[in-house]
Amino acid sequence: MKNGLRQVYFAPSSERFTLELRPLKSNKFLIGVKGTSGLSGEAEGYLNISGERKRCENGVLKAFWRKYDQIVPGWELYVEPETGDVVMVYSTAKERGEISYRFKRIGK
């Protein structure tokens with residue numbers, strides 16, 4: 001917000017953000033955002049993660065897409081037991097043994 005108006009913020013590529021998600025009722029989260037520039041904010045909202053079909057297996061949220069006449073794996077989202085970080089892995093990265101995104105856990 002600037003002068004009472006909501007504006008798009010175009011962050012420089014060097015800026016890093018911390019997201020804090022606190023579960024609320026009705027599938028909503030209290031979402032807090034803090035940038036390394038000092039800007040911050042929070043609001044209630046939904047977490048919308050793409051994928052045609054989703055299912056949870058053994059604590060791992062998995063998404064699948066339709067490719068031609070097949071359903072193929074898209075990504076997996078889970079909490080890494082050793083660190084408590086939330087990790088997202090696309091199927092192509094999983095094949096290479098890589099992690100696509102890591103969301104660091106801060107505090108409890």
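Of the possible polar contacts, none joining the S91 side chain to the W75 backbone as a donor-acceptor pair under 3.5 Å is found. E15 contributes a side-chain N or O that, together with a main-chain N or O of S37, makes up a donor-acceptor pair within less than 3.5 Å.
Here the side chains of V89 and E98 are not in contact, with every heavy-atom distance at 4.5 Å or above.
Note on I31: it clusters hydrophobically with F17, by side-chain heavy-atom contacts below 4.5 Å among ILVMFWY residues. Y90 and Y78 fall into different hydrophobic clusters, where Ile, Leu, Val, Met, Phe, Trp and Tyr are joined by side-chain heavy atoms under 4.5 Å apart, directly or via other members.
Annotation: Y101, atom OH; neighbour count of heavy atoms from other residues, nucleotides and ligands within 6.0 Å does not exceed 12. No more than 12 heavy atoms of other residues, nucleotides or ligands lie within 6.0 Å of CD in Q70, so this atom counts as exposed by the packing criterion.
A donor-acceptor pair shorter than 3.5 Å cannot be found between the side chains of T92 and E95.
The CZ atom of F64 sits 7.5 Å away from the CD atom of E76 when rounded to the nearest 0.5 Å. Here the CD1-CZ distance, from I71 to R66, works out to 4.0 Å after rounding to the nearest 0.5 Å. The NZ atom of K62 lies 15.5 Å from the CZ atom of R53; values are rounded to the nearest 0.5 Å. To the nearest 0.5 angstrom, S100 atom OG is 8.0 Å from M88 atom CE. Distance check: L77 CG to F103 CZ gives 7.5 Å after rounding to the nearest 0.5 Å.
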For E42 and L30, what are the C-alpha separation, side-chain angles and deciding distance, and is it a side-chain contact (heavy atoms from CB on, under 4.5 Å)? CA-CA 7 Å; E42 68 177 24; L30 180 62; 4.2 Å; yes
TODO: Report the C-alpha separation of R55 and L61 in whole Å, then their side-chain angles, then the decisive distance to 0.1 Å, and conclude whether the side-chain contact (heavy atoms from CB on, under 4.5 Å) test is met.
DONE: CA-CA 6 Å; R55 69 174 176 238; L61 181 62; over 6 Å; no
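For V87 against R102, the heavy-atom pair with the smallest separation is CG2-NH1, 4.1 Å.
K34 and E20 are not joined by a salt bridge, as no carboxylate oxygen comes within less than 4.0 angstrom of a charged side-chain nitrogen.
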